[in-house]
Amino acid sequence: MPLVDPVTMSSSIAKGAAVQAAPQSPSKQDNGSAPALQPIQIKQTPAAQAARHGFPALLAAVFLVRFPALVEDPVSAMLTTLPVIAAIQLAYALVCLPAVGSQSAKPARKPRPGEKKKSSDGGPNLPVTILVSLLLTTFVIPLLYFGFVCFGAPAYTYVSHTMLCCANLAVLTLFPLFYVHGVDGSAWGAVFSASVPWDETFGGYIGGFVGAWLGAVPIPLDWDRDSMAATTAPAATAPAPAPAPAQTKNYKGFVAGVFSGIAKLSVGHPFDTIKVRLQTTTASRFSGPLECVALTLRNEGVLGLYKGATPPLVGWMFMDSVMLGSLTVYRRLLRDNLFNPPWHPLHDPSRPLPSHGHGLAGIMAGATVSFVAAPVEHVKARLQIQYAARKSERLYSGPIDCVRKIYRHHGVKGVYHGLGATLLFRGFFFFWWGSYDVFSRWMKAHTSLSAPAINFWAGGLSAQVFWITSYPSDVVKQRIMTDPLGGGLNDGVRRFPRWKDAAVAVYKEGGAMGYWRGFLPCFLRAFPANAMALLAFEAVMRALPE
């Protein structure tokens with residue numbers, strides 16, 4: 001099987017070959033091995049090179065101009081915007097992309113005597129390629145609708161909203177892929193398994209679907225706020241307002257989560273790097289946090305403290321949005337179905353959820369967000385323990401290279417290495433969110449602090465409670481996540497096949513105090529990082545318009 005160059009993501013067989021016309025999606029190599037898909041090359045014409053940057057800006061401008069209309073009347077706005085988006089995508093494909101179409105999976109061959117040579121990016125097949133690509137894009141829309149429903153969209157209401165959203169998403173993400181790959185099964189298998197070489201068409205596909213998912217994250221949070229308001233409202237209030245205003249704030253939860261993640265990363269990541277390095281080494285390498293900081297700065301510079309920052313920079317945007325959104329939903333579910341059900345004779349709509357109810361919601365939210373957090377923290381930890389100052393001397397050149405190498409040799413299971421330890425660690429969210437409610441109530445009742453100040457102090461203090469109770473499990477988790485995976489990675493021999501093995505190893509190396517190695521930078525980080533994250537979240541939520 002041909003190897004894939006880790007830098008260019010291209011096949012070693014195809015490396016160095018100039019791809020001017022339509023790139024092939026080979027079904028087999030000459031030796032009969034599995035296909036090695038090549039990146040799609042943008043046409044080398046001056047118009048294509050200029051347009052490849054202009055078309056994304058044009059798309060962004062269209063959505064920016066249409067944003068007020070999308071908020072006010074989503075159906076009409078999406079209906080009128082869809083032809084414009086389709087025209088832009090079609091022009092982009094014609095100008096920039098090599099047309100392949102449904103028959104392009106066949107290997108290129110020389111024309112027979114007397115046979116007219118067909119052009120791979122134009123000629124008589126171009127109209128057919130365009131038509132087939134548009135038809136395939138249209139056929140996929142119902143499948144996207146089903147996927148949207150699986151991710152929380154209403155199944156039987158707002159059908160036009162969801163269907164038009166799927167149509168816009170299909171045109172933005174799938175049409176270029178159909179245009180360059182046609183119906184090549186090997187190519188689409190690589191696309192769906194995320195093993196296709198990264199190029200502009202695949203990047204647009206990933207970016208479009210990630211953006212759609214991110215946009216959906218805050219929806220349950222805002223639905224919950226409406227239900228919370230309705231539940232706590234007096235019985236004699238006016239009828240519930242029309243749902244239209246709720247549509248205007250669906251974006252708020254995600255935007256606030258983004259700023260929350262950035263605030264947490266900026267303040268806390270240097271502390272986290274020192275913590276992870278202390279957790280995964282013995283005293284023979286670093287006697288304490290000060291020596292770890294000094295040696296890191298001396299050998300790797302200030303940027304050494306921010307190694308592995310990219311995964312949490314992106315991941316915490318997901319994680320904070322998922323955690324805070326799911327936390328609010330679980331709070332409502334527990335309040336309405338366990339602690340204060342409507343059918344109970346002592347039901348009181350104004351009764352708040354008790355503190356231990358907030359703790360249970362925290363456990364459920366922690367389990368939910370673990371499926372996002374586990375791969376993010378896994379990659380982050382492996383990058384943080386690379387001590388070489390030069391990238392050429394490291395096993396992983398960056399987060400994408402790390403994910404790609406782990407996935408290549410160990411699959412999805414390797415990427416999610418340490419998921420069980422992550423679930424256990426985040427089970428201690430009971431103490432975080434339970435104590436956050438306790439501190440918040442006490443401060444509201446006994447101080448004159450403003451709401452942002454209460455968020456800051458309650459968030460910081462509850463984070464300290466969380467880390468005091470959960471830190472030993474975090475040490476074990478980091479040992480598991482930085483344990484060599486072996487196999488084709490050639491990173492060493494695996495030491496901890498089970499959680500118990502890592503826990504025993506920590507005790508043998510440092511005794512009971514081994515479970516608290518690196519606690520000082522963690523303790524110093526927890527208050528400012530988590531408090532700033534909560535403060536940023538609440539501040540943005542208040543600042544954004546309704």
Side-chain angles (χ1 to χ4, degrees), residues 218 220-233 249 252-253 255-257 259-261 263-264 267-268 316 319-336 338-340 348-369 426-470 522-544:
L221 183 64
D222 287 309
W223 284 348
D224 179 71
R225 288 202 181 96
D226 293 338
S227 65
M228 293 279 282
T231 305
T232 57
K249 56 181 183 178
K252 292 176 62 177
V255 175
F259 281 91
S260 172
K264 182 189 295 186
V267 175
W316 275 340
M319 291 158 59
D320 283 2
S321 295
V322 171
M323 181 183 67
L324 295 171
S326 63
L327 178 72
T328 310
V329 173
Y330 293 137
R331 283 171 173 171
R332 175 176 60 83
L333 292 174
L334 289 172
R335 185 201 63 199
D336 293 346
L338 182 61
F339 292 97
N340 192 22
D348 182 2
S350 62
R351 183 188 305 165
L353 186 68
S355 296
H356 61 283
H358 285 272
L360 291 176
I363 294 176
M364 298 166 71
T368 301
V369 76
R426 279 179 164 72
F428 289 89
F429 275 16
F430 176 91
F431 299 99
W432 185 1
W433 293 107
S435 63
Y436 179 76
D437 183 68
V438 170
F439 288 129
S440 297
R441 292 188 187 188
W442 186 88
M443 291 179 185
K444 289 177 182 177
H446 297 89
T447 70
S448 58
L449 294 174
S450 63
I454 291 175
N455 293 141
F456 182 88
W457 288 105
L461 292 172
S462 62
Q464 302 290 38
V465 172
F466 164 70
W467 279 109
I468 289 173
T469 55
S470 67
C522 172
F523 190 81
L524 295 176
R525 179 200 66 162
F527 192 101
N530 290 282
M532 287 302 297
L534 285 169
L535 181 62
F537 182 86
E538 295 292 342
V540 174
M541 289 297 296
R542 293 189 184 96
L544 291 174

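The first residue of the sequence shown is numbered 1, and numbering continues consecutively from there.
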Practice prompt. Using the test salt bridge (Lys or Arg N to Asp or Glu O under 4.0 Å), find all partners of Arg441 that sit at least two apart in sequence or belong to another chain.
Written response: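 Arg441: salt bridge (Lys or Arg N to Asp or Glu O under 4.0 Å) contacts with Asp437.
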[atom2] on [Y] to [atom1] on [X], rounded to 0.5 Å:
{"X": "Leu333", "Y": "Leu353", "atom1": "CG", "atom2": "CG", "value": "11.0 Å"}
{"X": "Leu449", "Y": "Trp457", "atom1": "CG", "atom2": "CH2", "value": "9.0 Å"}
{"X": "Gln464", "Y": "Leu524", "atom1": "CD", "atom2": "CG", "value": "8.5 Å"}
{"X": "Cys522", "Y": "Trp467", "atom1": "SG", "atom2": "CH2", "value": "4.5 Å"}

Which pairs, with at least one residue in residues 451-466 and sequence neighbours excluded, count as a salt bridge (charged side-chain N to carboxylate O under 4.0 Å, His left out)?
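Non-adjacent pairs meeting salt bridge (charged side-chain N to carboxylate O under 4.0 Å, His left out): zero.
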Only counting residues at least two apart or in another chain, list the ones meeting side chain to side chain contact (heavy atoms under 4.5 Å, CB included) with [X].
{"X": "Ser448", "result": "none"}
{"X": "Phe431", "result": "Phe428, Val465, Thr469"}
{"X": "Leu338", "result": "Leu334"}
{"X": "Thr368", "result": "Val322, Ser326, Tyr330"}

Could you report the tightest heavy-atom contact between [X] and [Y], atom names first, then the distance?
{"X": "Val438", "Y": "Ser355", "result": "CG2-OG, 3.4 Å"}
{"X": "Ala458", "Y": "Phe439", "result": "CB-CB, 3.9 Å"}
{"X": "Gly459", "Y": "Tyr436", "result": "N-CE1, 3.6 Å"}
{"X": "Arg351", "Y": "Asn340", "result": "NH1-OD1, 3.6 Å"}
{"X": "Trp433", "Y": "Arg331", "result": "CE3-NH2, 3.6 Å"}
{"X": "Pro354", "Y": "Phe339", "result": "CG-CD2, 3.6 Å"}

His358 ring center near Phe429 ring center (under 6.0 Å) |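 No: the rings miss the under 6.0 Å criterion.
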- Query: Is there side-chain contact between Met443 and Leu461, with heavy atoms separated by less than 4.5 Å?
  - Reply: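 Yes - at least one pair of side-chain heavy atoms lies under 4.5 Å apart.
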